[in-house]
Amino acid sequence: MLFCALAAGHLAGSLQAAEMPKRKAGLWEINTRMDGMPAMGAIQQCVDQKTDDLMQQQARKEQPNCSVIDVNNQGNKVSVHSVCKVQGSTATTDGVFVGSFDAAYKGDMLTRFNPPLHGTKESKVSLEARWVGPCKAGQKPGDVIMPNMAGSNLKEMMKDPTVQEMMKRQK
């Protein structure tokens, strides 16, 4: 089940970055809930334009695995639909994000796996994000603070050969 959560989260990140509006630079607090999984608590991420660009670059790398990525921006509402291959399964994701990417937004995504991915037929993910303010002293763009865990830096993590290999294996 943990693998399915990671796969759905990876798809969610790729979708969000594909054509989504850029977030305001500073510290963001993000609460994510996945049906059937215990709540993890709020994640804090220090972002700037380059951090969001890095997410878009990663999403572009995933596009060859996707036959469809449709993103529809209408005012403060963004709808997404994708069909992607993940570990021999076809993942069809539909999501809606509402809000302002310079203050707060929320979204819901449903991913259906055919055939089921490690026994999971579908995954529902909801998130709420809000801009907290400038990054804290000592933080740099890309820093991620997870509840009950040491902080890490997204940019540095993406350079890690172990993480790169893990991302390759998810295809």
Side-chain angles (χ1 to χ4, degrees), residues 1-24 28 30-40 43 45 47 49-102 104-130 142 144 146 154-155 157-171:
M1 187 62 164
L2 177 60
F3 177 79
C4 293
L6 292 172
H10 175 68
L11 286 170
S14 294
L15 280 177
Q16 287 177 344
E19 297 286 333
M20 300 291 279
K22 299 268 197 284
R23 295 174 289 176
K24 180 178 183 177
W28 282 84
I30 305 161
N31 279 294
T32 305
R33 292 175 307 286
M34 178 177 276
D35 282 4
M37 300 290 289
M40 185 168 112
I43 295 170
Q45 183 180 17
V47 302
Q49 192 68 50
K50 288 181 182 178
T51 306
D52 273 355
D53 287 345
L54 179 65
M55 293 297 290
Q56 288 211 0
Q57 288 170 8
Q58 184 61 39
R60 283 187 208 104
K61 288 179 185 176
E62 297 302 315
Q63 285 181 348
N65 299 320
C66 300
S67 58
V68 176
I69 297 181
D70 292 327
V71 180
N72 185 4
N73 292 304
Q74 293 180 332
N76 71 340
K77 180 179 176 182
V78 179
S79 302
V80 295
H81 172 75
S82 74
V83 179
C84 302
K85 291 287 186 186
V86 178
Q87 295 238 330
S89 180
T90 299
T92 303
T93 302
D94 291 289
V96 176
F97 298 86
V98 179
S100 168
F101 284 77
D102 63 354
Y105 61 94
K106 60 183 178 176
D108 294 299
M109 290 180 294
L110 172 65
T111 302
R112 295 170 305 282
F113 298 100
N114 186 17
L117 183 63
H118 298 279
T120 299
K121 292 181 182 180
E122 70 178 29
S123 172
K124 295 178 184 176
V125 177
S126 298
L127 67 87
E128 291 186 26
R130 69 181 182 95
V144 177
M146 300 173 75
L154 181 64
K155 289 187 221 178
M157 193 173 14
M158 297 303 281
K159 294 177 190 174
D160 184 319
T162 306
V163 172
Q164 290 176 355
E165 183 61 31
M166 183 180 73
M167 298 295 279
K168 286 178 190 175
R169 282 184 277 165
Q170 286 191 5
K171 296 180 182 177

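Position 1 is the first residue of the sequence; numbering continues from there. This is a predicted model, so every value here is computed, not measured.
Note that CG of Asn31 and OG of Ser126 are 11.0 Å apart. Values are rounded to the nearest 0.5 Å. How far CD of Glu128 is from CG of Asp108: 9.0 Å, rounded to the nearest 0.5 Å. One distance of note links NZ of Lys85 with CG of Asn65; it measures 10.5 Å at 0.5 Å rounding.
Across Lys24 and Val47, no two heavy atoms sit closer than the pair O-CG2, 3.5 Å. Annotation for Ser123 and Phe113: closest pair CB-CE1, 4.1 Å, computed over non-hydrogen atoms. Between Gly95 and Met109, the shortest heavy-atom contact is CA-CG, 3.9 Å. In terms of heavy-atom proximity, Phe101 sits nearest to Val78 at CE1-CG2, 4.5 Å.
Under a 3.5 Å cut-off, the side chain of Ser89 and the backbone N or O of Pro115 do form a donor-acceptor pair.
Contacts of Thr32 classified as side-chain contact (heavy atoms from CB on, under 4.5 Å), with partners at least two apart in sequence or in another chain: Ile30, Val125, Leu127. Residues forming a side chain to side chain donor-acceptor pair (under 3.5 Å) with Ser79 (at least two apart in sequence, or on another chain): none.
Between Arg23 and Tyr105 there is a side-chain heavy-atom pair separated by less than 4.5 Å. For the pair Gln74/Asn72, a side-chain contact is recorded, criterion being any heavy-atom separation below 4.5 Å from C-beta on.
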Starting from the C-alpha separation in whole Å, work towards a yes-or-no answer on side chain to side chain contact (heavy atoms under 4.5 Å, CB included) for Arg112 and Thr90. CA-CA 8 Å; Arg112 295 170 305 282; Thr90 299; over 6 Å; no

Output, in order, the C-alpha distance, side-chain angles, deciding distance and verdict of side chain to side chain contact (heavy atoms under 4.5 Å, CB included) for Ser100 and Asn76. CA-CA 6 Å; Ser100 168; Asn76 71 340; 6.0 Å; no

Thr92 and Asn114: side chain to side chain contact (heavy atoms under 4.5 Å, CB included), yes or no, with the steps? CA-CA 8 Å; Thr92 303; Asn114 186 17; over 6 Å; no

